[in-house]
Amino acid sequence: MFDTRLFRTSAQPVPEHERDWPSVRGAINEAMREEMRRDPSVFQMGEDIALAPPFGVTTGLAAEFGAERIRDAPCSEVAVVGAAVGAAIAGMRPIVELQFGDFMSVAADQLTHQGAMLRYLTGGQVKVPMVIRLPCGGGQSAGSQHSQSLYSWFAHVPGIKVVLPATATDAKGLMKSAIRDDNPVLFFEHKMLYRTRWPVPDAYRDPEHLIPLGRARVCREGTDATVVATFAMLHYALAAAGSLERDGFSVEVIDPRTLVPLDRETVVTSVRKTGRLLVVDEAYMSFGIHAEIMATVAEEAFGALRCAPRRLGNPGVPVPFAPSLEAVVLPGRAGIEAALREMLAL
C-alpha cells in the first residue's frame with residue numbers, strides 16, 4: 001500500500017503508533033543539537049532561525065545555546081554565506097540555513113568561487129568546514145521560485161559535497177557527518193519529508209550515529225530491475241516496487257543518499273545483477289544527476305543492460321504553482337510503475 005505519510009498535512013494528527021518515531025525535521029534538529037554540545041566551534045546562522053524557524057527545524061536550539069551560537073541573520077544570502085566561509089577559515093564550523101534552496105543561487109560566488117576552492121588553492125593549508133541547509137523540492141504548490149531541486153548545479157563544482165537524506169535515520173547520521181567534514185557541504189532537505197516519521201534502529205539514539213558520506217543504501221533488494229531514486233521519489237519508487245511484486249516482478253531500489261561523493265559501485269553492482277536501470281529524481285533532467293548515473297552504468301556495465309536505461313524527472317520547465325500542473329511536471333508513483341512495466345516487458 002502507498003505510504004500516505006508523504007501527503008499528510010499539518011492539520012492531520014500523527015497516528016498513535018508513529019508518535020515515538022522521529023520525524024526528518026526532528027532528526028536534523030537532534031543531530032545539530034548533539035554536535036553543538038560536543039563541539040563548541042559549531043554555531044548556526046540564518047534568517048529567523050532563533051525565534052521563528054521557517055520550517056521548525058531549529059526550534060528550541062536558541063533556548064539552549066543562546067544568541068551567540070544560534071544567530072538570526074539578515075535577509076542577505078551573500079552576507080550570510082560569505083560570513084560562514086570566513087568563520088570556517090578561522091576555525092569555526094558554521095551551519096547556515098537558507099529559507100529555500102532556490103536562494104543558494106544568490107550566493108553562488110561566495111560558495112563556488114571562494115569556499116569550494118580555497119582548500120585546493122592553498123594546497124590543503126586552509127579548510128572550509130561549513131554546512132548549508134537548503135529546503136528544496138516540489139509537491140507543496142510553493143511556486144516556481146521556491147520548489148526547485150538545484151543540487152546538480154553544485155555537484156558540478158569541485159570541492160563541494162552534496163547530501164540528500166530521505167529518512168529520519170539518514171537525516172541524522174548524514175548531518176552529523178556533514179558537520180564534521182572539513183569541506184563545504186550542501187545539505188538539501190525535501191520539504192515534503194519534514195513531517196514524515198520513520199521507525200529507526202537502536203543506533204539512531206547513539207550520539208556517534210554517523211553515516212559516511214558517499215555510501216548508498218539498498219532499500220529493497222531485487223533481481224529484475226534497478227531503480228535509483230532520491231528524496232520523495234525514493235518512497236514513490238518503493239511503493240511502485242511493492243505493487244510490481246504482487247505481479248511477480250522483483251525491483252531493487254537504491255537511495256544514493258549523497259551525490260558528492262557518489263557511490264557508483266553500488267549502482268553498477270546492482271545493474272550487473274538486474275540488467276535494467278531507471279533513475280528517478282525531480283530535478284531538471286538536462287545535464288543532471290540522472291544522466292551522470294546513466295553514463296556511469298553505460299561506461300562500466302553496458303554489457304549487462306537488457307534494455308536502454310531510462311530517467312524520470314522535471315522535463316525542463318519551471319515548477320508550476322497549480323497542483324494539477326505540478327503533478328504533471330514532477331514524477332510520481334504511477335509514472336515510475338508505468339516506466340518499470342515497460343522496461344520489464346523488454
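What you are looking at is a predicted structure, and each value in this text was computed from that prediction instead of being measured. In what follows, every heavy atom counts, from backbone to side chain, and hydrogens, waters and symmetry copies are set aside. Along the sequence shown, residues carry numbers from 1.
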May I ask you to check whether Thr226 and Thr274 show a side-chain donor-acceptor distance below 3.5 Å? yes
Can you list every pair that meets salt bridge (charged side-chain N to carboxylate O under 4.0 Å, His left out) and has a residue in residues 270-290, with sequence neighbours left out? Glu252-Lys273
Hydrogens and angles aside, do Asp102 and Gln148 bring a side-chain donor and acceptor to less than 3.5 Å of each other? yes
Among all residues two or more places apart in sequence or in another chain, which pass the side chain to side chain contact (heavy atoms under 4.5 Å, CB included) test with Ala345? none
Residues 285-317 vs ring-ring contact (aromatic ring centres under 6.0 Å, His included), sequence neighbours excluded, gives none
Who are the side chain to side chain donor-acceptor pair (under 3.5 Å) partners of Glu35, not counting sequence neighbours? Arg38, Lys176, Arg180
Between Asp263 and Arg215 (salt bridge meaning N to carboxylate O under 4.0 Å), is one present in this structure? no
Do Glu34 and Arg205 sit within salt-bridge range, that is, some charged N less than 4.0 Å from a carboxylate O? no
Going by an N to O cut-off under 4.0 Å, is there a salt bridge joining Arg264 and Glu300? no
For the pair Arg25 and Glu189, find out whether any cationic side-chain nitrogen is under 4.0 Å from an anionic carboxylate oxygen. no
Set of residues satisfying side chain to side chain contact (heavy atoms under 4.5 Å, CB included) with respect to Ala73, sequence neighbours excluded: Val80
Spell out, as yes or no, whether a donor-acceptor pair under 3.5 Å connects the side chain of Asp72 to the backbone of Ala50. yes
Would you mind listing every ring-ring contact (aromatic ring centres under 6.0 Å, His included) that reaches into residues 160-192, with sequence neighbours excluded? Tyr151-Phe188, His190-Phe231
